[in-house]
Amino acid sequence: MLNKLNTSILKPDGRYLVALSGGADSVALLLVMQEAGYQVEAAHCNFRLRGEESERDEQFVVALCKSRGVALHRAHFDTREYAALHHVSIEMAARNLRYGYFEQLLTDLALDGICVAHHRDDQVETVLMNLVRGTGLRGLQGMRPQNGHILRPLLAVSRQEIEAYLQAKGQSFVTDSTNLEADVVRNKIRLNIIPQLLDINPAAADHIQQTAEHVSDALAVYDEAIQQQRQEAVVEESADRLVIDLSKVRHESLLFEILRPYAFSIATIASIDNRTGKLFSSADYDMVVDRGCVMVERRQEPMKPMVMPEDGVYVVGTGKFSVRSFERTADFVPSKEPQLVHLDAAKVQFPLTLRPVREGDWFIPFGMTGRKLISDFLTDRKVSLLDKRKALVVCDATGAVLWLVGYRTDNRFRVSDATQRVLLLAGA
C-alpha cells in the first residue's frame with residue numbers, strides 16, 4: 001500500500017497531524033505515514049455519541065499511539081448540545097467540531113497539514129451522493145487530494161487494500177457500529193447501492209474513481225473558459241452585490257458556476273428564467289430576476305426606525321442623515337438633488353422618523369394631486385424587488401410620508417411662494 005500513498009501532497013520533512021478515530025482507515029494512515037518516514041502526531045475526537053463504544057475507541061487510540069511512540073491530542077465534545085444550539089444535524093455538528101479542533105492544533109503546533117484517511121471507496125460514495133443530490137461538474141470530481149490544509153494521502157487506496165495491509169501487519173482496529181446501519185444517505189449508498197453496482201461490474205468502483213480524476217483534469221480547461229464568459233456576463237460585482245446579464249449567459253453551467261459561492265441549490269439555479277420579480281433565497285443571500293438580469297444581495301437585517309426629534313445630524317448605519325431648519329432667503333432655490341430635499345417647515349410636525357417602507361404606505365408624489373402607494377410608485381420606476389426592500393421614508397409626527405428617500409418628496413409639503421421657513425433633509 002506504501003506505493004499508493006500520495007506523496008505529491010506531502011513534504012519529505014513535513015510534520016503532520018493524523019486524524020485518528022481508531023478505525024481501519026485512520027490506523028492504516030498512521031502506520032503507512034510512519035513507514036514512509038514522515039513525522040506525525042495524532043488527534044482523536046470523542047463525540048460522546050455511542051456510549052461505551054466511544055470510550056472503547058478512545059482507549060484503543062491511546063494504546064496504539066503509546067505503542068507507536070506517537071504524540072496524541074484528545075478532545076471531548078458534547079455533540080448533541082452543539083447540534084441543538086447551532087440548529088444543525090448531528091453529522092454536521094461532529095464535522096464542525098472535528099475540523100475546528102484540527103485547525104486549532106495545526107496552528108498551535110505549527111504543523112504542515114492535517115491528514116485524513118478518506119480512501120477510494122469514500123471517493124466513490126461522495127461522487128454518487130453528489131449525483132443523487134444534484135451537482136455540477138465540480139461535484140463529479142468528488143474529494144480532492146488536497147483542500148487547503150486538509151490532505152488525503154490514501155485517496156487512491158481501496159478499503160480492501162487497507163484491510164489487507166493491516167492484516168499483513170497484524171494490526172487491529174475498532175469498528176464504528178453506526179457505519180453498519182443504513183440510516184443515513186452515505187451508509188445507504190455504501191451498504192446498498194455500491195454492492196449492486198459491483199454486482200453489475202466488479203470494476204465499477206475503479207471506474208467511478210477514474211472518472212472523478214478525468215473530470216478533475218477537464219475542470220482546469222473548463223474553469224478557464226468559464227472565467228472568460230463570466231467576465232462578459234457579470235455587469236456588477238461587490239462584496240455584497242452581484243448582477244448578471246442573462247442575455248450573456250450562454251448555458252446553465254455558467255450560471256451555476258457564477259452563483260455557486262452564494263449557496264443557491266441546483267434546483268433553484270435551474271429554475272431561473274427571464275420572469276421578473278421572483279425571489280430566491282439561500283442561507284445568506286437573496287436573489288431576484290429583474291428585467292433580464294439576475295441580482296444577488298447579501299441579506300441584511302431591516303433598519304430599525306430612527307426617531308429624529310429636532311435638527312441635527314443622525315448616524316444611520318455607516319452613513320449620516322441631516323435635519324436642519326432655516327429662514328428662507330430671497331435667493332433661495334429648492335434642491336433638485338435626489339439625496340437632499342427642501343420642505344415647508346411650517347407644514348411638518350416633529351418628531352420625524354426615518355424607517356423602511358411598509359406595506360400600505362402612500363404619499364402624493366411631488367407634482368401630482370392624487371395618492372399613490374409607494375410600492376406602486378417604485379414599480380412604475382422599475383425598481384427591483386431587492387431595492388424596494390431597502391427603500392426608506394421620512395415621516396412626521398402624524399405618520400404622513402414627507403419623503404421617499406432618494407426618489408420623491410410629498411407634494412403636500414413642497415416649498416411654495418408662501419413658505420417662510422425651510423426644512424432641509426439630507427441622507428448620505
Side-chain angles (χ1 to χ4, degrees), residues 6 8-9 95 99 113 116 118 120 122-152 155-156 185 207-299 384-387:
N6 188 348
S8 67
I9 60 174
R95 185 184 187 284
Y99 282 106
V116 294
H118 293 132
R120 186 208 65 180
D122 294 324
Q123 177 76 306
V124 171
E125 293 166 11
T126 298
V127 172
L128 292 175
M129 283 180 64
N130 290 344
L131 276 171
V132 169
R133 291 171 174 170
T135 186
L137 284 177
R138 214 165 300 279
L140 293 179
Q141 70 177 335
M143 296 177 286
R144 305 314 308 135
Q146 180 171 0
N147 183 11
H149 297 131
I150 306 300
L151 309 174
R152 300 181 174 93
L155 208 52
V185 175
H207 291 166
I208 292 172
Q209 181 203 19
Q210 291 165 8
T211 298
E213 292 175 355
H214 294 329
V215 169
S216 182
D217 292 339
L219 271 171
V221 178
Y222 171 82
D223 284 342
E224 184 176 348
I226 286 291
Q227 186 58 35
Q228 292 175 351
Q229 295 179 30
R230 187 187 192 282
Q231 292 176 0
E232 298 177 11
V234 174
V235 296
E236 181 184 341
E237 186 171 16
S238 65
D240 298 319
R241 182 178 171 89
L242 176 79
V243 181
I244 306 167
D245 183 347
L246 279 175
S247 69
K248 301 291 181 62
V249 176
R250 305 177 191 176
H251 46 81
E252 188 177 291
S253 294
L254 175 60
L255 199 57
F256 173 78
E257 291 296 337
I258 295 174
L259 294 174
R260 183 167 54 86
Y262 301 92
F264 290 100
S265 69
I266 294 287
T268 293
I269 296 171
S271 69
I272 293 174
D273 56 27
N274 282 306
R275 289 176 297 175
T276 295
K278 189 171 183 181
L279 176 68
F280 304 92
S281 296
S282 65
D284 299 309
Y285 293 88
D286 290 326
M287 174 173 64
V288 296
V289 179
D290 186 76
R291 296 186 301 281
C293 288
V294 174
M295 305 173 65
V296 181
E297 284 192 355
R298 185 183 298 276
R299 190 177 306 111
S384 73
L385 179 60
L386 294 181
D387 288 333

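Computed from heavy atoms alone, side chains included, the values below leave out hydrogens, waters and symmetry copies. Predicted, not measured: the structure shown is a model, and the values here were computed from it.
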S.K.: Heavy-atom distance under 4.5 Å between the side chains of Leu386 and Asp290, does that happen here?
M.R.: no
S.K.: Which heavy atom of Cys293 sits nearest a heavy atom of Val243, and at what distance?
M.R.: CB-CG1, 4.0 Å
S.K.: Would you say that Val132 contacts Val185 through its side chain, given a criterion of any heavy-atom pair below 4.5 Å between the two side chains?
M.R.: no
S.K.: Apply side chain to side chain contact (heavy atoms under 4.5 Å, CB included) to residues Val127 and Val215 and explain how you reach the verdict.
M.R.: CA-CA 11 Å; Val127 172; Val215 169; over 6 Å; no
S.K.: Quick one: are Asp223 and Arg138 in side-chain contact, heavy atoms under 4.5 Å?
M.R.: yes
S.K.: Does the Arg120 side chain pair with the main chain of Leu155, one donor and one acceptor, at a distance under 3.5 Å?
M.R.: no
S.K.: Applying the ring pair (Phe, Tyr, Trp, His ring centres under 6.0 Å) criterion to Tyr285, which one of Phe264, Phe280, Tyr262 satisfies it?
M.R.: Tyr262
S.K.: Check whether any side-chain heavy atom of Ile226 lies under 4.5 Å from a side-chain heavy atom of Phe256, and answer yes or no.
M.R.: no
S.K.: Working to the nearest 0.5 Å, report the span between CG of Asp245 and CD of Glu232.
M.R.: 10.5 Å
S.K.: Could you tell me the separation between the CG atom of Leu385 and the CG atom of Leu279, rounded to the nearest 0.5 Å?
M.R.: 5.5 Å
S.K.: Could you walk me through whether His118 and Thr126 pass the side chain to side chain contact (heavy atoms under 4.5 Å, CB included) test, one step at a time?
M.R.: CA-CA 10 Å; His118 293 132; Thr126 298; over 6 Å; no
S.K.: Check this for me: does any side-chain nitrogen of one of Glu257 and Arg230 sit under 4.0 Å from a carboxylate oxygen of the other?
M.R.: no
S.K.: Might you point out which heavy atoms bring Ala233 and Leu254 nearest each other, and give the distance in Å?
M.R.: CB-CD2, 4.3 Å
S.K.: Report yes if the side chains of Leu242 and Ile258 come closer than 4.5 Å at any heavy-atom pair, otherwise no.
M.R.: yes
S.K.: Does a donor on one side chain sit under 3.5 Å from an acceptor on the other, for Asp240 and Ser238?
M.R.: no
S.K.: Spell out, as yes or no, whether a donor-acceptor pair under 3.5 Å connects the side chain of Arg144 to the backbone of Arg152.
M.R.: no
S.K.: Atom CG of Asp284 and atom CZ of Arg299: how far apart are they, to the nearest 0.5 Å?
M.R.: 7.0 Å
S.K.: Decide side chain to side chain contact (heavy atoms under 4.5 Å, CB included) for Leu140 and Asn130; before the verdict, give the C-alpha distance in whole Å, the side-chain angles of both, and the deciding distance to 0.1 Å.
M.R.: CA-CA 7 Å; Leu140 293 179; Asn130 290 344; 5.9 Å; no
S.K.: Kindly indicate whether the side chain of Gln229, heavy atoms from C-beta on, has any atom under 4.5 Å from the side chain of Lys248.
M.R.: no
S.K.: Does the side chain of Gln231 reach to within under 4.5 Å of the side chain of Gln227, using non-hydrogen atoms?
M.R.: yes
S.K.: Can you name the nearest heavy-atom pair linking Ser282 to Ala263, along with the distance?
M.R.: CB-O, 3.4 Å
S.K.: Apply side chain to side chain contact (heavy atoms under 4.5 Å, CB included) to residues Ile272 and Leu255 and explain how you reach the verdict.
M.R.: CA-CA 9 Å; Ile272 293 174; Leu255 199 57; 4.0 Å; yes
S.K.: Taking the side chain as everything from C-beta on, heavy atoms only, tell me whether Glu237 gets closer than 4.5 Å to Val296.
M.R.: no
S.K.: Would you compute the distance between atom CG of Leu128 and atom OG1 of Thr135 and round it to the nearest 0.5 angstrom?
M.R.: 12.0 Å
S.K.: Looking only at heavy atoms, which two atoms of Gln141 and Ser216 are closest? And how far apart?
M.R.: OE1-OG, 3.3 Å
